[in-house]
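Heavy atoms only: backbone and side chains are in, while hydrogens, waters and symmetry mates are out. Quick note on labels: first sequence line is chain A, next is B, and so on, each numbered from 1.
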There are 2 protein chains.
Amino acid sequence: MRKGNETRERILDIAEAGVLAKGFGATSIDEIIAEAGITKSGFFYHFHDKNELARGLLSRHRSRLEQLVGEVFGRAAELSDDPLQRLLIGLTLFAEHMASMPGGHPGCLVATMSYQGQLFNREVRAMVNSIVEEWNAFFRGMVEKIVAAYPLREPVDPGRIARNITCAIDGGIIMSKSLGDPSVLPEQMLMARNYVKMLFQPAALHAVPREALAA
Amino acid sequence: MRKGNETRERILDIAEAGVLAKGFGATSIDEIIAEAGITKSGFFYHFHDKNELARGLLSRHRSRLEQLVGEVFGRAAELSDDPLQRLLIGLTLFAEHMASMPGGHPGCLVATMSYQGQLFNREVRAMVNSIVEEWNAFFRGMVEKIVAAYPLREPVDPGRIARNITCAIDGGIIMSKSLGDPSVLPEQMLMARNYVKMLFQPAALHAVPREALAA
DNA sequence: AGAAAACCGTACCGCCGGTGCAGTTTTCGC
DNA sequence: GCGAAAACTGCACCGGCGGTACGGTTTTCT
């Protein structure tokens, strides 16, 4: 009864590749079972419908992403004690990781499924929603620690800043796809990083000629 | 032979509503013709397949959006001669327009179709691509005028800034959908506006006490 | 050995996009 | 008002899709 999980994972692997490459709707069950070498009955033994497949994909995706983010921001925490630096370093490492993927990053299941919402039932949509909120909460937590330590240059809500980072990632993914250029995602992640940096770093040192201050 | 165009427009109206609400794949031809009160033959008389419907939707969407953007940034040009202010005012007006829509903005056809790419043929995808590039080029043109007049606080490429604005819009749309909160889009459009503002406005005026400069 | 888990085979359903084609009504220019 | 083109209708049919139903078989663990 170990083999059951193996098959399940194989189905998820094949489905995930299809969904990222072609979207959920365009990835047919027939196609999945053909590649997996099983029958339709076998598929429906593991997933009683396509919604359950979607949930399986999202669940796996979430934990994998949590691991990656944990590694990246864990490393950032090793490199600096400062909350601002931790976020900046983490975002840089994250962007570098996306840029380093051969053939470009695979795209994000959550982003994909957000836009195919009506293909799914409420359960799946709630799951997508909760994952997005997890991301926002994660970045918001980091931003709030920064706010406690740094003066804000403009009166901007931490939630907005957090959503801006998530937005840059989602927007970057969608634009990478639209333009067929995977470099847009890391580029825009770094833009989000720069935004945070500017919001908290005293700009005067760069923008104002030092003579003006010295005078 | 005027009635032909009327029917065509009616089909497009119904299809557009469906696509924005449920996505392209989930909007069936049967459903469209039922609401339009025509037969399947009638539908295929106007659009020889679903790809042509998609192109029709995109074409209409593009010209409508061009008009809106023209109005918004035209108004901004009336209100200021300064290239930076024109972009800032235009983005504010744009965000306000999105926020003012009852029941929230309808979402963007281009963003929707970017993520359903594999449902379409190359022609449609090329069209989506070209629209995204038009947007980038538009914002890039504005940014370049600003760059010519203002010192950049950080060495950031105008193209990146332009893509950041487009990204904020796309990301804002996708996050509004995911979270079921239409206010995220205008919020993130204003975040993009603020980014531009910070990049070009000498922060010193805010961050450095005026006395320090006067002294 | 036996029970549960992990499948297979087959036949079937309704929806969907799409085709083909012959026939009918509507509209417009002359 | 007439004729031709445009704008449809009606119907029959196709293959792919998600999904159901159910009886039978193999594999795996205990």
Side-chain angles (χ1 to χ4, degrees), chain A residues 1-19 21-58 112-113 115-125, chain B residues 1-19 21-58 112-113 115-125:
Chain A
M1 330 209 168
R2 201 178 301 139
K3 206 193 162 199
N5 278 329
E6 275 173 30
T7 304
R8 205 187 124 97
E9 287 299 307
R10 212 164 74 252
I11 293 173
L12 286 173
D13 286 338
I14 295 165
E16 186 173 313
V19 171
K22 315 185 296 182
F24 193 81
T27 305
S28 73
I29 294 175
D30 284 342
E31 175 192 328
I32 294 169
I33 64 175
E35 199 175 331
I38 58 172
T39 64
K40 221 167 186 180
S41 312
F43 175 87
F44 284 108
Y45 175 79
H46 290 285
F47 304 95
H48 96 276
D49 63 8
K50 232 188 166 189
N51 281 292
E52 204 174 307
L53 175 66
R55 269 184 288 147
L57 287 173
L58 282 173
T112 305
M113 292 189 179
Y115 249 105
Q116 315 224 334
Q118 298 298 329
L119 289 174
F120 311 112
N121 60 19
R122 289 186 195 107
E123 232 172 321
V124 177
R125 278 177 290 188
Chain B
M1 328 201 170
R2 202 179 301 139
K3 206 192 162 200
N5 277 328
E6 275 174 30
T7 304
R8 205 188 124 96
E9 286 298 307
R10 212 165 74 251
I11 292 173
L12 286 173
D13 287 337
I14 295 166
E16 186 173 314
V19 170
K22 315 185 295 181
F24 193 81
T27 304
S28 74
I29 294 174
D30 285 343
E31 175 192 328
I32 294 170
I33 64 177
E35 199 175 331
I38 57 172
T39 65
K40 219 168 186 179
S41 310
F43 175 88
F44 283 107
Y45 175 79
H46 289 287
F47 304 95
H48 96 277
D49 64 7
K50 232 188 166 190
N51 281 293
E52 204 174 307
L53 176 65
R55 268 185 288 148
L57 287 173
L58 281 174
T112 305
M113 292 189 180
Y115 249 104
Q116 314 225 332
Q118 298 298 330
L119 289 174
F120 311 112
N121 60 19
R122 290 186 195 109
E123 234 171 321
V124 176
R125 278 178 289 188

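Look at CD on A/E52: it is 11 Å from P on D/dT20, rounded to the nearest Å. Rounded to a whole Å, the CD1 atom of B/I38 is 12 Å from the P atom of D/dG10. Atom C1' of nucleotide D/dA7 and atom CD1 of B/I11 are separated by 11 Å, given to the nearest angstrom. Rounded to whole angstrom, the span from the CG atom of B/L119 across to the C1' atom of C/dG18 amounts to 15 Å. Between B/R8 atom CZ and C/dT26 atom P the separation is 23 Å, expressed in whole Å.
The structure places CD1 of A/I38 at 6.5 Å from NE2 of A/H46, a figure rounded to the nearest 0.5 Å.
Checked against D/dG10, C/dT19, D/dG18, the side chain of B/F44 finds its nearest nucleotide in C/dT19.
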Review item, side-chain donor-acceptor pairs of residues 23-33 of chain B, under 3.5 Å, at least two apart:
from, atom 1, to, atom 2, distance (Å)
B/T27, OG1, B/G18, O, 3.2
B/T27, OG1, B/V19, N, 3.4
B/T27, OG1, B/G23, O, 2.8
B/S28, OG, B/E31, N, 3.1
B/E31, OE1, B/K22, NZ, 2.9
B/E31, OE1, B/S28, N, 3.4
B/E31, OE2, B/K22, NZ, 2.5

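For the side chain to side chain donor-acceptor pair (under 3.5 Å) test, residues two or more places apart in sequence or in another chain that qualify with A/D13 are A/R60. Evaluation of the side chain to side chain contact (heavy atoms under 4.5 Å, CB included) rule for A/R55 yields A/E52, A/E123, A/V124, A/M127 as partners, not counting sequence neighbours.
Contact annotation: A/Y45 side-chain N/O to C/dA6 OP1/OP2 distance is under 4.0 Å. Taking only side-chain nitrogens and oxygens, B/T7 never comes nearer than 4.0 Å to OP1 or OP2 of D/dA7. Residue B/H46 places at least one side-chain N or O under 4.0 Å from the OP1 or OP2 atom of D/dC8.
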Each nucleotide N or O in nucleotides 21-26 of chain D that has a protein N or O under 3.5 Å away: list the pair and distance.
none

For nucleotides 12-15 of chain C, give me every protein contact, N/O to N/O, under 3.5 Å, one pair per line with atom names.
none

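Across its full length, the helix from C/dA1-D/dT30 to C/dC30-D/dG1 shows an angle of 30° between the axes of its 5 terminal pairs at either end, rounded to 10 degrees.
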